[in-house]
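Being a predicted model, the structure only gives us computed values, none of them experimental. Counting starts at 1 for both ligands and their atoms, in listed order.
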Amino acid sequence: MIENVIQIDLKGAKPFFTDKEYAESVTDALSSFDTLMSSKGRGAEFTGWLNLPSQTDKKLIKEIEKIASEWKMIAEVVVVIGIGGSYLGTKAAIESLSHSFRLQIGNNGWPTIVFAGHNLSGEYMSELMDLLQKRESAAIVISKSGTTTEPAVAFRIIKEHFENKYGKSGAAARIIAVTDSSKGALKSLSDSEGYKTFVIPDDVGGRYSVLTPVGLLPIAVAGFNIREMLDGASRMENLCKKGGADNPAIRYAAARNLLYGNGKKIEILVNYNPKLTFFSEWWKQLFGESEGKEGKGIFPASVNFTTDLHSMGQYIQDGERILFETVLSIGKAERDSMIRANEDNLDGLNYISGKTVEQCNKMAEIGTRLAHIDGGVPNIAISVEKLDEFNLGSLFYFFEFACGISAYMLDINPFDQQGVEDYKKNMFALLDKPGYEELASKLKKRL
Ligand code: PA5
């Protein structure tokens with residue numbers, strides 16, 4: 001038997017549906033599981049991520065680790081250039097695993113990872129260049145298509161800076177591209193400039209790519225253990241692929257789709273540790289871009305508690321009843337702080353003296369869950385033992401697998417994102433890109 005690294009608790013969701021409804025939804029989820037596993041569903045040519053944890057070549061891991069230890073010696077800062085699935089998994093992992101005040105406390109021996117190409121803010125870019133002027137740097141440019149505008153713009157500026165600072169060949173030694181094996185401008189540029197490249201497999205789409213060099217390379221360069229991450233993902237791969245009504249991905253997919261069908265159109269991913277803020281951003285992209293199509297799909301949102309109990313808590317408790325919560329709960333924090341007794345007790349807090357901050361956090365979590373259920377907000381609880389590379393790897397795989405099943409339950413292709421193209425066409429037209437003249441004139445008339 002494979003030990004379950006992720007626990008799913010549906011007690012807080014069950015008051016909102018009947019056992020019969022849940023059993024039917026599980027039957028649907030099991031049939032979507034078959035579709036996913038048989039590689040016969042829509043977009044099946046992009047299901048290579050299903051096998052990544054167990055099939056990642058050990059040579060690739062060694063090569064990535066070698067680069068990480070080499071760059072540790074030459075770079076204070078590594079810029080990861082990419083957008084969407086080409087950066088969110090890395091950002092999620094680094095934020096989850098790092099000291100909250102690493103930038104203020106100072107160097108842990110590994111390069112600081114900063115991001116570029118995930119927005120078109122000129123101010124952000126200029127400020128990044130201020131940093132790169134002052135620090136020894138290297139860059140990882142990531143784009144599956146190799147043609148995405150945001151990272152291409154950022155890379156052009158950063159490349160020029162590197163070439164001015166380190167010379168053409170010095171720059172080439174500090175730049176690695178992660179892209180398609182043969183297509184796209186980034187691939188041809190890398191070949192002509194002699195950059196080292198890593199390949200994003202053809203059968204893995206952007207938001208399912210964190211366990212390819214897209215995530216593994218920058219996460220290793222930040223000093224984290226990618227072997228542990230793959231081990232955690234591998235444990236989940238074994239478990240998820242077994243199927244059955246007890247499979248956590250099937251239970252989660254069945255519950256969330258049932259709630260959606262019962263009018264709960266918005267799913268809020270809740271955490272009680274701000275280190276998970278970007279894990280939620282990764283999760284939102286995964287589900288939003290995979291399911292939000294053809295006029296369907298649960299809207300993925302997120303909050304950080306207890307922080308947002310003082311902003312969004314009111315709406316969640318009392319606003320329109322179209323929400324459900326999925327609480328990502330971490331069993332044991334790595335560190336904790338004791339609240340000690342104080343003789344004067346001027347703040348009236350002696351009643352919790354002897355308890356830790358995390359114990360208070362846990363009571364806030366339990367109390368909030370019960371209050372929200374009483375307020376009409378169904379609650380799914382997903383917990384892992386602790387926040388480390390192993391559990392993060394298992395969470396990445398778990399949510400990808402559940403997302404594939406969920407989207408198939410809605411009869412949606414989880415692996416395309418045609419809707420993202422519309423803004424791009426308009427932006428190209430407004431930027432006078434050749435070939436977009438007709439659209440440009442139509443748009444300009446509307447301004
Ligand atoms: O999930 C996806 O496919 C997208 O979000 C992409 O990751 C994102 O658009 C970036 O694309 P690319 O890696 O081709 O630059």
Side-chain angles (χ1 to χ4, degrees), residues 42-50 52 79-93 115-120 139-159 175-190 195 197-219 278-293 297 299-300 302 396-397 399-404 406-407 412-428 433:
R42 294 168 72 184
E45 63 280 19
F46 290 108
T47 50
W49 56 270
L50 279 169
L52 283 171
V79 195
V80 174
I81 305 163
I83 195 164
S86 289
Y87 98 101
L88 279 167
T90 297
K91 177 93 173 158
F115 294 88
H118 58 306
N119 59 52
L120 280 172
I140 304 171
V141 52
I142 307 173
S143 178
K144 160 110 179 170
S145 63
T147 56
T148 307
T149 309
E150 290 89 338
V153 166
F155 184 53
R156 181 179 279 213
I157 295 168
I158 290 166
K159 176 178 184 286
I175 293 171
I176 295 178
V178 184
T179 189
D180 189 83
S181 59
S182 57
K183 294 189 298 288
L186 180 58
K187 173 64 184 159
S188 37
L189 185 153
S190 302
Y195 300 154
T197 55
F198 285 95
V199 170
I200 309 173
D202 287 347
D203 54 4
V204 180
R207 57 192 173 278
Y208 295 83
S209 69
V210 60
L211 299 172
T212 72
V214 169
L216 297 177
L217 176 63
I219 292 167
F278 268 88
F279 186 86
S280 298
E281 295 303 316
W282 171 84
W283 173 90
K284 285 192 311 206
Q285 189 216 355
L286 177 68
F287 280 89
E289 222 167 52
S290 298
E291 289 192 316
K293 289 164 206 170
F299 184 85
S302 64
F396 280 138
Y397 191 90
F399 279 118
E400 287 173 3
F401 201 92
C403 185
S406 258
I412 276 169
N413 178 353
F415 308 117
D416 66 0
Q417 57 282 325
Q418 291 310 317
V420 182
E421 297 310 310
D422 292 350
Y423 99 88
K424 289 188 190 168
K425 284 185 214 138
N426 286 357
M427 178 178 72
F428 293 151
K433 186 171 178 175

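The aromatic rings of Trp49 and Phe415 sit tilted, their planes meeting at an angle between 30° and 60°. Ring geometry for Phe279 against Phe399 counts as tilted: the plane angle lies between 30° and 60°, on a 0 to 90° scale.
Annotation: Lys424, atom NZ; neighbour count of heavy atoms from other residues, nucleotides and ligands within 6.0 Å is above 12. Counted within 6.0 Å of CZ on Phe428, heavy atoms from surrounding residues, nucleotides or ligands total more than 12; the atom is thus considered enclosed.
Distances from atom 11 (O) of ligand 1 to the protein include at least one heavy-atom value under 4.0 Å.
Between Lys424 and ligand 1, no N or O atom pair is found at a separation short of 3.5 Å.
Of the candidates Ser209, Gly206, Gly85, it is Gly206 that places a heavy atom closest to atom 3 (O) of ligand 1. Of the listed residues (Arg207, Glu289, His118), the one carrying the non-hydrogen atom nearest atom 4 (C) of ligand 1 is Glu289.
Without hydrogens or angle criteria, Thr197 side chain to Val178 main chain gives no donor-acceptor distance under 3.5 Å.
Ligand 1 is approached by Gln285 to a heavy-atom distance shorter than 4.0 Å.
Residues Phe287 and Trp283 place their aromatic rings such that the two centres sit under 6.0 Å apart.
Here is the list of ligand 1 atoms found below 4.0 Å of a heavy atom in Ser145: 12 (P), 14 (O), 15 (O).
Protein heavy atom closest to atom 8 (C) of ligand 1, with residue, atom name and distance, is Ile83 O, 3.6 Å.
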